[in-house]
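These notes are about the structure you will find just below.
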2 protein chains.
Amino acid sequence: MTTDTEARERVLEAADRLFYAKSAHAVGMDELRTEAGVSLKKLYQLFAGKEALVEEVLRRREEAITAATMKYVLRASTPEDQILAVFDWMADSSGTTDFRGCAFINSYAELGPSSERVTAVVRHQKTGVRGAIAAMVAATGRPEWVADSIFLLFEGAMTNTAITVSSEPARQAQTAARFLLEKTA
Amino acid sequence: MTTDTEARERVLEAADRLFYAKSAHAVGMDELRTEAGVSLKKLYQLFAGKEALVEEVLRRREEAITAATMKYVLRASTPEDQILAVFDWMADSSGTTDFRGCAFINSYAELGPSSERVTAVVRHQKTGVRGAIAAMVAATGRPEWVADSIFLLFEGAMTNTAITVSSEPARQAQTAARFLLEKTA
DNA sequence: TACAGTAGAGAACGAGCGTTCTCCACAGCA
DNA sequence: TGCTGTGGAGAACGCTCGTTCTCTACTGTA
């Protein structure tokens with residue numbers, strides 16, 4: 001006997017994994033139901049529909065990624081190393097074979113230009129990793145454009161790490177970021 | 001009376017526009033047929049199927065983008081300005097409301113991890129704009145990591161320009177690239 | 001034992017997809 | 001005028017999807 005909360009958790013976990021791996025439109029509610037071990041009826045009791053589920057998954061993923069990168073950040077000692085630590089997280093993550101880049105960009109890509117889901121994607125750009133980088137760079141007293149640049153390196157490396165299936169782009173981006181930080185010291 | 005070549009051209013033009021705007025899976029063959037003004041029969045005479053059409057569209061888009069950026073590049077005088085000119089192209093392109101980022105990343109995003117189409121996407125990473133940037137940077141005698149960094153800035157700016165619907169990321173990336181070039185002079 | 005209520009399994013439904021097939025109008029030619 | 005072949009319009013087919021509905025099994029209670 002499982003509570004609704006447990007079932008909900010299992011669904012969200014399975015949805016996050018499958019949506020990220022195959023993209024949302026390629027995952028059917030039936031496959032999801034099987035993977036989560038939940039009846040179709042309960043699935044629709046817990047979530048209004050597929051779109052609502054996708055949005056919830058994106059919301060949680062934002063938190064999860066921020067938390068994951070923060071674990072790397074907090075391990076570093078100097079402010080500069082903390083900023084560079086997000087690329088360590090990326091390089092390590094690319095080791096897992098199912099790394100598929102930024103879930104928000106991927107989600108944007110499979111959407112039409114006008115969609116409700118775009119809202120969540122755009123919001124992610126303001127908060128999450130971008131916000132963390134901006135805060136850390138500001139704390140070192142460097143100008144805002146340095147943070148913008150490092151975030152663009154981050155995003156570029158995310159997509160290229162996924163496509164090339166290697167940690168090389170993450171390392172390249174880290175090198176560039178380190179250079180930026182050194183020359184703006 | 002239209003020849004097969006003309007019909008083929010119309011189909012590819014419409015497919016490129018629609019696929020890019022809505023993503024390939026969201027565009028039906030029937031919509032495409034209507035848009036191109038071609039019978040369904042002829043459509044399947046000209047192309048083996050939807051997947052073949054998508055691959056052909058990606059192939060042509062690679063050429064088109066390279067050509068478009070080259071127009072900006074050749075207008076600049078110094079080698080450094082030539083490199084930075086690709087960001088001018090991006091900033092200008094973002095002005096058109098239907099700018100949706102890098103078609104290859106978008107295509108990757110809507111695909112499963114193992115797909116034939118990934119081949120075309122990966123190939124694009126080696127040639128196209130990346131190749132052009134690499135060649136231009138090498139011509140200035142700067143190390144390879146500078147080219148890698150500028151390409152990552154380019155890719156990051158492509159996605160963020162699309163999501164934020166503004167030319168700001170393109171300008172931010174250009175600023176960073178200029179900084180990199182100046183400090184490695 | 002009888003009964004009310006719940007939950008699960010999966011059938012069913014309507015829509016949309018890629019692809020194929022049918023039908024018909026019309027051209028060129030004897 | 002007949003015949004043949006070509007091409008277009010769109011109906012049809014088989015499939016998958018998101019969502020809903022039906023039926024059945026089972027639980028707790030008197």
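Keep in mind that what you see is a predicted model, and the values were worked out from it rather than measured. Within every chain, numbering begins at 1; the chains are lettered A, B, ... in the order of the sequence lines, protein sequences first and strands thereafter. Quick note: numbers below take in every heavy atom, side chains included, and nothing from hydrogens, waters or symmetry partners.
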Quiz item: Under the salt bridge (Lys or Arg N to Asp or Glu O under 4.0 Å) test, which residues partner A:Lys42, sequence neighbours left out?
Solution: A:Asp4
Self-check item: DNA chain D contacts among residues 31-47 of chain A, heavy-atom distance under 4.0 Å
Solution: A:Leu40, A:Tyr44
Practice problem: Write down the distance between NE2 (B:His25) and P (D:dC15), rounded to a whole number of angstrom. | Solution: 22 Å
Exercise. In whole angstrom, give the distance that lies between atom CG of B:Asp30 and atom C1' of C:dC17.
Key: 10 Å
Quiz item: How long is the line joining NZ of B:Lys22 and C1' of C:dC17, in whole Å?
Solution: 14 Å
Quiz prompt | Exam field: side chain B:Gln174 to backbone B:Leu84, donor-acceptor pair closer than 3.5 Å | solution = yes
Quiz item: Hey, what do you get for CE (A:Met29) to CG (A:Leu43), rounding to the nearest 0.5 Å?
Solution: 4.5 Å
Exercise. Find the distance between OG1 (B:Thr127) and CD (B:Glu63) and round it off to the nearest 0.5 Å.
Key: 9.5 Å
Exercise. Using the six-membered ring of B:Phe154, assess whether NZ or CZ of B:Arg130 lies under 6.0 Å from its centre and within 45 degrees of the ring axis.
Key: no
Self-check item: A:Arg61 to A:Phe19 six-membered ring, cation-pi geometry met (6.0 Å, 45°)
Solution: no
Practice problem: Take atom CG of B:Leu18 and atom P of C:dG18, then tell me their distance rounded to the nearest Å. | Solution: 12 Å
